[in-house]
Amino acid sequence: MSGGRTVRRTLMGIAVCGALALGLAACGDDEPSGGGGGDTTAASAAKAVALLLPETKTTRYDEQDKPLFEAKLTELCPDCTLSYQNADQDSAKQLTQAEAEITKGVDVMVLDPVDGKAAAAIVDKAKAAGIPVISYDRLLLDSEPDLYISFDNEQVGTLQGEALAEKLKTDGNPTGPIVKINGSPTDNNATLFKKGSNAALKAAGVKILIEYDTPDWSPDKAQTFMDGQITKLGKDGFKGVYAANDGTGGGAIAAMKSAGIDVTTIPTTGQDAELAAIQRILVGEQFMTVYKAIKLEAEAAAQAAVDLANGTTPSSATSTVNNGKIDVPSILLTPVAVTKDNVKDTVVADGFYTAAQICTGDFAAACTEAGIQ
Ligand code: GAL
């Protein structure tokens, strides 16, 4: 037996879990039988899991990804320990956080990188220490993660571009033009959102006046950029705004509002179905967002983490994605476009938010209009 990790795995091999909706195999101990065999039950259930997420400026990570992951992990493996770290949009900080987890000797690492390229160093170090790595939501590039779990991110961009083009046509502005606010250049997802949305907008003949790649996905930087564009282009100089997520979309909308623009006449896109965005959509201040069932993503990651921590290869991968070094076994989930017309049938129906959470104060009347109660 080589290396402390291998020893610990053999000694501690059993974990308790259940199969997820995605038909993921029930994890088990190291024994091929998968049964709860062996006399190591008490000790073996305790696996150390590290969850490293990238940002605090976008609400999903602390509000959805972490709690949903933690709940599923606890269900699957009551004695597992979770070490959660958020990198605050700081790639160097994430490297330090990861090194600390590797030094601690965690059994598996679930990593959503601030910078997909820079994080290759983390994957290399973890793998050298015998720690399996799951590439969570954003693809880890130029390295050898064990599994990639995300959504079809090019499709996210396609949904955004098509919805905006359709709305512009309905508004009588089929060719726009628009201002385009993309995501962070260090995030591989932003590259895919951009690819999908540019192709859809181009196919519809929509003119893009200017594109901006938002450092760190910062809503405040998106707002500052939009302030500048309004000054340069004038209040009537554009007919729509592409924003890659709700955070940057919210920043652009705030800039337009403070310039005295009636934002209900300028369709703006988004992503993540943040609560504030759903409320904006209901009152017409934002045109659409993209709902991604983070519960499915986080739960698939928890299941795979328990599998890998127990030395079992997750059986849930349905495709592969090349990351510049290997074809990473992958699970790619399906995103859904959300406008005022289907808030009820998507985020409410899925229990992502309750009507009580959405329909507060000034939003109550809009909820009634949208049939949400
Ligand atoms: C992307 C993620 C999105 C988004 C963004 C900012 O990688 O898929 O949901 O919000 O990061 O954190």
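Just so you know, ligand 1 is whichever comes first in the structure, and atom 1 is the first atom listed for that ligand. Everything numeric in this text was worked out from a predicted model, so none of it was measured.
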**Q** Does Leu68 share a hydrophobic cluster with Val108, counting links as ILVMFWY side-chain heavy atoms below 4.5 Å and allowing steps through other members?
**A**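 Yes, Leu68 and Val108 fall within the same hydrophobic cluster.
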**Q** Assess the side chains of Glu101 and Ser83: does a donor N or O sit below 3.5 Å from an acceptor N or O?
**A**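 On atom types as modelled, these side chains qualify, holding a pair under 3.5 Å.
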**Q** Within the structure provided, determine whether Gln373 and Thr368 are in side-chain contact (heavy-atom separation under 4.5 Å).
**A**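 With C-beta onward as the side chain, the pair stays apart.
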**Q** List for me each residue that meets ring pair (Phe, Tyr, Trp, His ring centres under 6.0 Å) alongside Phe225, sequence neighbours excluded, and say none if there are none.
**A**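 Once residues adjacent in sequence are excluded, the partners of Phe225 under the ring pair (Phe, Tyr, Trp, His ring centres under 6.0 Å) criterion are Tyr212.
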**Q** What residues, two or more places apart in sequence or in another chain, satisfy ring pair (Phe, Tyr, Trp, His ring centres under 6.0 Å) together with Phe352?
**A**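 Applying ring pair (Phe, Tyr, Trp, His ring centres under 6.0 Å) to Phe352 gives Tyr291.
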**Q** Please collect all salt bridge (Lys or Arg N to Asp or Glu O under 4.0 Å) contacts where either partner lies in residues 179-202, sequence neighbours excluded, each pair once.
**A**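 Counting only pairs at least two positions apart or across chains, the salt bridge (Lys or Arg N to Asp or Glu O under 4.0 Å) contacts touching residues 179-202 are Arg138-Asp187, Glu154-Lys195, Lys180-Glu211, Lys194-Asp213.
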**Q** Might you list the protein residues in contact with ligand 1, defined as having a heavy atom under 4.0 Å from one of its atoms, sorted by chain and number?
**A**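 Within 4.0 Å of ligand 1, protein side: Glu55, Thr58, Arg60, Tyr61, Asp137, Arg138, Asp187, Asn189, Phe193, Trp217, Asn245, Gln271, Asp272, Lys292.
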